[in-house]
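In what follows, a structure is listed as structure tokens, so that the remarks can point back to it.
Proteins get letters first, then strands, A, B, ... in listed order; numbering begins at 1 in each.
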Amino acid sequence: MVLVLCLGDLHVPYRTSDLPQQFKDILLPGKVQQILCTGDVCSSEMFSYLKSICTNVHIVKGQFDEDHSYPETKVVKIGDLKFGLVHGHTVIPWGDISSLGMIQRQLDVDILISGHTHEFRTYAYEDKLLVNPGSATGAYSSKEPSTTPSFCLFDVDASKATIYTYKLKDGEVKKEKMFFEKRG
Amino acid sequence: MEPSTSPPVSTMDQIMAAEQEKWLADAKAAVKQQAFYMKRAIDEDNLRDVFKYSSAMLGELRTSLLSPQKYYELYMRAFDELRQLEMFFEEQRGKGHTASELYELVQHAGNVLPRLYLLVTVGAVFIRSHESPIKALLKDLVEMCGGIQHPVRGLFLRTYLTQISREGLTLIENKVDEESTTGDAVEFVLQNFTEMNKLWVRMKHQGPVRERAKRERERKELRDLVGKNLVILSSMEEVDVEMYGEIVLPRILEQVVNCKDELAQNYLMDCIIQVFPDEFHIKTVETFVEGCGNLHQDTNVAQILCGLIKRLGNYMENEPEASSALFEEHQTFEKLLEPATKISDKVGSQASAMIYSAILDFAVKTSKGEALGRVDQVLSQCAGALRTAEITSQAARTLKSILTTPLDSYTITDLLELGSYPSVMQLLQPRMQKAVAVDIVEKILKKGTVIPDAKKVASLFDFISTIVEDAKAGEDDDEVDEEEIEEEQNLVARLVHQMRSPDGSVEESFAILELAKDRFGRGGPLRVKHTLPTVVFDVLQLVKRDEDEERCVKMLKFLHGAIDMIAEVPEPEKAFKLYLECTLVADLKGLETSAYDFATAAFDIYENGIPDQKAQVEALKMLIGCLASCENFGEDNYDALSSAATKWSIKLLKKSDQCISVFSCAHLFSTKGSSEKVLVCLKRALTAAKQAQGMAKSSRGEMGPVELFIAILNKYLYFFDKQEEGEDGQIKVEDVQMLVDLVSNETSSLASAAGGEASDRVLKFYSNTLRHIMALKEKKPEKYSALSLKT
């Protein structure tokens with residue numbers, strides 16, 4: 001069993017000042033073994049913050065990241081599951097399921113994680129899963145009317161994963177749970 | 001071992017200590033012996049012999065060999081014997097001698113020191129006798145003691161006088177003697193104090209210069225002999241606050257100031273603070289503080305005043321009600337602050353800073369409603385007093401604590417009322433100013449404090465100007481460390497989100513952000529690139545929710561100006577991205593002219609300002625993504641922008657980049673129903689992929705031609721799947737079939753060739769695409785029936 005934190009689109013300092021305290025209280029150091037980050041952390045301070053939660057951070061480059069060492073896509077194998085990471089601003093049209101589907105095929109992954117839209121979404125695509133963890137800071141988006149801070153955790157057990165989603169609504173953390181199992 | 005010519009210091013000390021012990025022992029033995037004879041004479045009632053032997057005994061006190069410490073031991077020995085002598089004189093008075101006779105008689109002793117000890121001893125009896133007014137006797141004694149000018153001998157003689165005269169003072173206080181008043185008693189103590197202090201100070205100058213340090217140590221051991229007089233004054237019940245303020249304190253201060261000796265001044269000023277009651281201090285604060293201004297330059301005035309303020313603070317804590325009434329009635333705060341400022345140029349920056357720091361603590365602790373105004377007064381006085389002073393590093397540290405005290409005791413919004421805060425900051429070196437500014441910003445962020453209006457925001461910017469604005473010409477700033485600036489400016493940038501109207505007023509929030517842009521503009525290019533984007537995003541949020549179209553246009557125009565500044569830094573890529581964000585919001589609001597302006601501005605930067613190939617490819621992706629996301633452009637404008645994007649895609653240097661960029665452009669046309677142009681884009685992408693195949697092997701990390709073919713096939717499938725029956729210029733199933741066949745051929749040759757990671761990846765992409773087609777066929781069997789996967 002491996003616990004994986006999945007989050008992104010922090011946009012600190014440009015769009016928001018910090019992660020909500022309620023999330024920080026949950027994201028304590030030593031709890032997760034891997035972090036999958038969809039990018040747009042936007043400052044080295046925030047990256048260091050992620051590192052403080054868990055040193056094993058996989059990150060891809062977002063539209064406003066200035067660290068050129070982040071790759072555009074990344075594939076990480078955890079348990080028997082292959083996770084693909086892409087920020088999503090290069091996947092046109094943004095957030096489009098079919099276009100993300102092509103990336104999933106190209107990266108050959110079981111779960112494709114993308115961000116950019118700041119809207120939390122999980123989508124069963126053919127027999128794969130598309131996940132957008134939203135913005136962990138609830139950062140402003142020029143497209144979405146409003147944003148809800150969110151992230152998710154994957155509890156990976158071989159070819160199965162339990163996904164816990166966390167959303168901050170009216171100052172309270174709402175938690176949901178779903179399952180994914182790789183077929184074949 | 002090397003031969004040594006002189007014994008080491010410690011041995012010297014040991015020798016001297018042994019000598020002292022010997023001398024003391026000899027002297028004590030002599031005292032004991034003479035005392036024995038004296039007591040025998042007392043038993044025999046032989047007045048003449050009593051005088052003779054007691055004089056001989058007291059003669060031992062004339063020694064100059066002993067250190068003050070040892071002299072004290074000898075004195076105590078003699079003192080014990082003198083008690084018996086006093087009792088003897090008392091008895092003599094009962095046997096027909098008058099006190100005044102005895103007083104006359106002792107004056108015949110040969111040596112001056114024994115004679116004066118005897119005189120003082122008889123004096124005690126004389127005082128008790130009521131034969132003469134006590135005040136006259138005290139006056140006579142204190143003046144006669146002036147005969148001894150040797151410091152140590154004089155000090156102990158006067159100490160004896162102090163001890164012996166206590167009874168007389170009590171008698172005066174109890175009004176036993178009608179002719180003597182408390183004023184006379186006070187006068188006597190003050191005079192004795194003055195003389196003792198003079199002797200004490202003179203000790204410093206006696207003997208060789210090289211032994212100065214040792215002598216000062218010895219002198220320190222004698223300080224309580226002098227201080228005892230102040231203790232006596234404080235214990236006299238008849239000395240009320242009026243007399244203290246009018247006579248006692250001014251007279252003590254006069255001597256303390258005039259002696260010009262730091263050891264005496266440090267000790268005695270502290271002594272005053274400790275021995276007299278709180279109420280006395282409260283009512284005489286001004287006199288005391290002004291007196292401090294006249295002390296010697298080596299005297300630690302700051303420590304003295306801080307001691308006083310601390311004492312008042314403790315009083316406040318122990319008796320909050322009574323003390324606060326007294327403080328207010330007597331304007332203690334004002335009376336501390338005003339003279340403190342007067343003396344600040346005399347005492348130096350460090351002492352001044354410490355004094356202001358203590359007064360600040362006092363103000364915070366003791367003033368309830370008015371604290372903030374008082375804190376500001378302290379800051380203002382402090383800044384004024386030290387403006388031209390040279391600030392030592394110690395003073396700077398104290399000033400920093402002056403600045404952090406209110407930061408800990410008040411909310412940020414209260415703090416911003418302190419108009420003099422920035423001027424105290426300016427006394428510090430830039431590096432320290434920055435540290436304070438960072439403290440302030442971090443506190444705001446930690447507490448989530450909202451800075452609610454333009455006025456408060458302006459004063460916040462004044463507080464932290466050192467990290468917002470460029471150093472003024474002439475100020476030597478530290479070397480520019482870009483990483484440090486980035487960290488600092490990110491902090492400042494986060495602060496922008498805390499500046500907003502709490503009731504959600506767009507007008508007020510915008511005014512705040514306009515002000516922020518203005519202030520950030522003074523920060524120079526290194527800061528602007530970190531701070532201005534935040535202003536841009538916060539204004540964009542306002543635009544997004546504002547209903548007032550006219551104001552939206554105005555805010556968008558403001559944004560244009562702000563982003564221009566970022567472009568001029570130069571930070572073209574950042575400006576480019578921000579223009580795109582503005583395009584999206586303007587489009588969302590249906591403000592097409594603004595949206596078009598922003599898009600054009602982005603295009604402009606793309607054309608002229610993006611430096612390298614790789615950045616261009618990335619920028620073009622963002623641009624296409626943005627345009628594909630816009631929903632409200634008119635056909636002409638949209639067509640112009642989309643065509644320009646396509647044109648640039650074709651112009652990209654690498655064929656593989658061209659290919660990907662062009663097939664992305666296909667999305668720009670599908671939304672507007674011009675499916676003909678979609679097909680043109682896809683075909684153009686195919687051409688680019690074929691050209692790429694004809695060229696040298698693709699470099700690592702980018703897509704090879706076969707991968708591009710598969711990607712194009714995926715795009716064909718994408719548009720084919722989405723298109724409705726009966727549209728013009730549609731993608732025909734044969735077009736898709738052609739791609740399927742092409743990809744099938746290419747991959748089979750790839751599969752037969754030597755494997756490797758790259759080809760594995762491509763083959764996976766292919767097999768996933770085939771599975772995708774099967775899924776499509778399953779979902780829409782009719783639409784895909786003509787598509788064959790076997791060739």
Side-chain angles (χ1 to χ4, degrees), chain A residues 11-18 20-21 40 42-46 48 61-66 68 71-73 75 82 87-110 116-117 125-128 137 139-147 184, chain B residues 445 448 483 486-487 489-498 530-531 533-534 536-538 540-541 544-545 573-574 577 580-585 588 614 618 621-622 624-626 628-629 664-665 667-668 671 701 703 707 710-711 714-715 717-718 721-722 761 764-765 767-769 771-772 775:
Chain A
H11 289 282
V12 175
Y14 298 148
R15 302 192 195 191
T16 186
S17 155
D18 210 345
Q21 190 56 44
D40 269 347
C42 293
S43 58
S44 51
E45 288 91 334
M46 284 321 276
S48 307
K61 190 165 186 283
Q63 192 175 359
F64 283 86
D65 283 319
E66 280 169 18
H68 294 288
E72 200 178 316
T73 58
V75 176
K82 270 173 88 180
H87 176 250
H89 69 282
T90 55
V91 182
I92 297 160
W94 295 336
D96 181 83
I97 293 295
S98 302
S99 295
L100 287 167
M102 175 177 128
I103 305 296
Q104 175 271 316
R105 291 190 283 280
Q106 193 173 8
L107 299 180
D108 187 41
V109 293
D110 302 305
H116 188 60
T117 62
Y125 179 78
E126 293 171 4
D127 53 358
K128 310 294 179 192
T137 54
Y140 151 92
S141 151
S142 293
K143 286 298 291 177
E144 295 300 321
S146 69
T147 41
Chain B
L445 291 173
E483 218 168 281
E486 184 184 333
E487 199 172 311
Q489 295 310 303
N490 280 345
L491 211 57
V492 176
R494 288 168 62 194
L495 188 61
V496 178
H497 304 301
Q498 303 304 123
H530 296 293
T531 49
T534 310
V536 170
F537 278 112
D538 282 5
L540 276 176
Q541 297 200 45
K544 242 178 85 182
R545 68 178 164 88
E573 287 162 74
K574 204 169 249 176
K577 293 180 214 172
L580 294 183
E581 293 292 326
C582 293
T583 309
L584 286 171
V585 173
L588 194 73
K614 197 166 167 269
E618 276 187 34
K621 275 183 197 163
M622 293 175 198
I624 295 165
C626 167
S629 223
S664 300
C665 284
H667 291 283
L668 299 179
T671 50
M703 282 199 231
E707 202 173 357
I710 304 171
N714 272 278
K715 286 291 164 188
L717 289 165
Y718 177 94
D721 190 61
K722 280 199 166 32
R761 203 182 66 215
K764 280 279 184 202
F765 190 12
S767 66
N768 286 337
T769 305
R771 283 176 59 189
H772 174 55

Next item on the list: Start with the C-alpha distance between B:His497 and A:Tyr140, add both sets of side-chain angles, then the distance that settles side chain to side chain contact (heavy atoms under 4.5 Å, CB included), and finish with yes or no.
Entry: CA-CA 11 Å; B:His497 304 301; A:Tyr140 151 92; over 6 Å; no
In B:Thr583, B:Val585, B:Leu580, the residue satisfying side-chain contact (heavy atoms from CB on, under 4.5 Å) with A:Ser142 is B:Val585
Taken to the nearest 0.5 Å, the spacing of B:Asn490 CG from A:Glu45 CD works out to 4.5 Å
Sequence neighbours excluded, the answer for salt bridge (charged side-chain N to carboxylate O under 4.0 Å, His left out) partners of B:Asp538 is none
So, the part of B:Gln498 with a heavy atom under 4.5 Å from chain A: the answer is side chain
When the 4.5 angstrom heavy-atom criterion is applied to B:Ile624 and chain A, the contacting part is both
Applying ring-ring contact (aromatic ring centres under 6.0 Å, His included) to A:His87 and not counting sequence neighbours gives A:His89, A:His116
Rounded to the nearest 0.5 Å, the NZ atom of A:Lys143 sits from the CD atom of B:Glu581 at a distance of 11.0 Å
For B:Cys626 and A:Trp94, the nearest pair of non-hydrogen atoms, with its separation, is N-CZ2, 3.4 Å
In this structure, CD of A:Gln63 is separated from CE of B:Met622 (nearest 0.5 Å) by 5.0 Å
Is the shortest heavy-atom distance from the side chain of B:His667 to the side chain of A:Ser99 under 4.5 Å? yes
Would you say the side chain of A:Phe64 lies within less than 4.5 Å of the side chain of B:Pro533, judging by non-hydrogen atoms? no
Before giving the answer on side chain to side chain contact (heavy atoms under 4.5 Å, CB included), spell out for A:Ser98 and B:Asp721 the whole-Å C-alpha distance, their side-chain angles and the decisive distance to 0.1 Å.
-> CA-CA 10 Å; A:Ser98 302; B:Asp721 190 61; 5.7 Å; no
message = Between B:Lys574 and A:Glu66, is the salt bridge (charged side-chain N to carboxylate O under 4.0 Å, His left out) condition met? List the steps.
response = CA-CA 9 Å; B:Lys574 204 169 249 176; A:Glu66 280 169 18; 3.0 Å; yes
Looking only at B:His772, B:Glu483, B:Gln489, most heavy-atom pairs under 4.5 Å shared with chain A are made by B:His772
Turns out that what part of A:Pro71 lies under 4.5 Å from chain B's heavy atoms comes down to neither
Scanning both residues in full, the closest heavy-atom pair of B:Phe765 with A:Gln106 reads CD1-CA, 3.3 Å
Most contact-rich option vs chain B, by heavy-atom pairs under 4.5 angstrom, among A:Val91, A:Leu107, A:Asp96, is A:Asp96
More than 12 heavy atoms of other groups within 6.0 Å of A:Lys82 NZ: yes
inquiry  = Is there a salt bridge (charged side-chain N to carboxylate O under 4.0 Å, His left out) between A:Glu144 and B:Lys544? Walk through the geometry before answering.
reply    = CA-CA 10 Å; A:Glu144 295 300 321; B:Lys544 242 178 85 182; over 6 Å; no
key: CA sep, side-chain torsions, deciding dist, call: B:Arg494, A:Asp18, salt bridge (charged side-chain N to carboxylate O under 4.0 Å, His left out)   = CA-CA 8 Å; B:Arg494 288 168 62 194; A:Asp18 210 345; 3.3 Å; yes
In terms of heavy-atom contacts, A:Tyr14 and B:His530 come closest through CE2-O, 3.4 Å
To the nearest 0.5 Å, atom CG of B:Asn768 lies from atom CE of A:Met102 at 12.5 Å
Minimal heavy-atom distance between A:Ile92 and B:Ser664, with the atoms involved, is CD1-CB, 4.0 Å
In this structure, CZ of B:Arg771 is separated from CZ of A:Arg105 (nearest 0.5 Å) by 11.0 Å
Cut-off 4.5 Å, heavy atoms of chain A, and the answer for B:Leu540 is both
CD (A:Glu72) and CD (B:Glu618) are apart, to the nearest 0.5 Å, by 6.5 Å
